[in-house]
Number of protein chains: 2
Amino acid sequence: MQHTELKVGELARRTGLSIRALHHYDEIGLLKPSAHTASGHRLYTAADIARLSHILSLKQLGFSLEEISETLGRADFSALRVVELRLQRAREQLAEQRQLCDRLDSLARQLRAAEPVSADDFLQTIEAMTMFEKYYTPEQLKELEARRQAMGDENIKQVEAEWPRLIASMREQMEQGADPASEPVRALATRWRELVRAFTGGNPGIEKSLQTLHQQEPQVAQRQGRDPKLMEYVGRAMACLDAPK
Amino acid sequence: MQHTELKVGELARRTGLSIRALHHYDEIGLLKPSAHTASGHRLYTAADIARLSHILSLKQLGFSLEEISETLGRADFSALRVVELRLQRAREQLAEQRQLCDRLDSLARQLRAAEPVSADDFLQTIEAMTMFEKYYTPEQLKELEARRQAMGDENIKQVEAEWPRLIASMREQMEQGADPASEPVRALATRWRELVRAFTGGNPGIEKSLQTLHQQEPQVAQRQGRDPKLMEYVGRAMACLDAPK
DNA sequence: CCTTGAACCTCACGCGACGTGAGGTTGTAC
DNA sequence: GTACAACCTCACGTCGCGTGAGGTTCAAGG
């Protein structure tokens, strides 16, 4: 007698599947053992095992159990078409995974660069990223990323530390009613413009996207202390810079 | 009065979430609206909306709803650690996705190259791929792929068509009891070795892996008609080739 | 005041691929 | 006879909602 028929435990051990999984395949009709002992124990024949190996192959390719059932059921299926469809799905998922990794990686670097990571900072950073992805094109994001790399973490930290001071100074001038054309304000406005340029790199597309972002989402600027009134004051100061003394 | 409180429908419309999703967040305690009308309608305050925006941000990063709950619950969490853990998971998933895409792509190319795609051919191809991935290292697989590219689809088709003929001829000799050292067998054995060389490229690592595969999985060779007896005969013929006439 | 239709409410089942018990039977070795 | 492993069949839990069913409330028009 051939001792070829296997019981579930044996088959599970050999395939690495769980017994429950094999039971499940039986339940849904994907792999019903061809034989049973008198007492109801499952007996898998060589043919069953062959079918299982097919099932595992298709599973590896990411097909659902239902798809596998259908595929194995019909003999007339177009293998190429099936695989190409699956490939398309896999490519889409791959792109999403890549995006997710990029986002996380970028976030992690930001967090490493800026030490003080309160819960609020964290969430703000994420939201800033979301905004970025919403308002900048992928090419623009690449350019921004490249510029960040070129600047290095320390420079970025310095600039990020400088912004609040600059904003505070500017606000002080405004609240004291200083003339936007006055010398101290001109100096601050010049530095302001430099910092913005350092960010945009002078790329007009990025400048435009930045403008759109500020128009559509005023709360972003506001959270940094740049409320509409201040921004208007800065705008006037900028205009004075361009105009001759 | 501020009209700031939103009902579910409004909030759903603005966030792009479904009403059911918001109900779900309420059910699991992730986002419970701070207020209700006398009749029980949900009213989301500005604070609720802020929390929701945090939730959506973390969701974008691939956190589960439970993880989001925990993260938002504690104020002392280490943002960097959380993100790095998530990044690690994402990277692993990315690698898997990439592998899956490679497999599917390779399979699709094989199918496009070899026209006759019966269900059986298809499954055999998949299983061959599975075996390959099991017995060859990634570097070896790259080399094999490169060699395939270099050969071109037509050459591969020719070789794949030649193998069954070669195997059949060899079997004929064996069954007729021909001496492994005889001239016709020498010719067949020479061609056999050439075809194997075309595959392995003479790379000893690949030759070794191929041997291991044949030892561990005799049914692979058997399916192509190369049963142990035949293989032994071939082995003797090879030995005669190396030995002087 | 009444009606209509949109928007809201609360159950409660469904998916996909099993994991994880609970509680009982069978097979095998001593 | 008695352990103990391996098997059996329910049946609920997972995760993030979708999708009804069946009922109430709201806002506007007649």
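Both backbone and side-chain heavy atoms feed into the values below; hydrogens, waters and symmetry mates do not. Here is the naming used below: chain letters follow the sequence lines, and residue numbers restart at 1 for every chain.
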Could [X] and [Y] be called an ion pair, given the rule that one side-chain N must be under 4.0 Å from one carboxylate O?
{"X": "B:R91", "Y": "B:E84", "result": "no"}
{"X": "B:K59", "Y": "B:E67", "result": "no"}
{"X": "A:E10", "Y": "A:K7", "result": "no"}
{"X": "A:E96", "Y": "A:R89", "result": "no"}

Legend entry - Among A:L52, A:D48, A:I19, A:L43, side-chain contact (heavy atoms from CB on, under 4.5 Å) partner for A:L11: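 It is A:L52; the other options fail the test.
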Legend entry - Between D:dA5 (P) and A:K7 (NZ): distance, integer Å: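 Taking NZ of A:K7 and P of D:dA5, I get 15 Å after rounding.
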Any side-chain heavy-atom pair from [X] and [Y] closer than 4.5 angstrom?
{"X": "A:L30", "Y": "A:R51", "result": "yes"}
{"X": "B:L144", "Y": "B:R147", "result": "yes"}
{"X": "B:L210", "Y": "B:Y135", "result": "no"}

Legend entry - Passing option when A:R42 is tested against A:H23, A:E5, A:H36 for side chain to side chain donor-acceptor pair (under 3.5 Å):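 For A:R42, the side chain to side chain donor-acceptor pair (under 3.5 Å) test succeeds with only one of A:H23, A:E5, A:H36, which is A:H23.
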Can you pull out the residues from [range] that lie within a 4.0 Å heavy-atom distance of DNA chain D?
{"range": "residues 56-68 of chain B", "value": "B:K59, B:S64, B:L65"}
{"range": "residues 32-44 of chain A", "value": "A:G40, A:H41, A:R42"}
{"range": "residues 17-29 of chain A", "value": "A:I19, A:R20, A:H23"}

Inset, instruction - Determine whether more than 12 heavy atoms belonging to other residues, nucleotides or ligands lie under 6.0 Å from atom CD of A:E70. - result: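 Enclosed.
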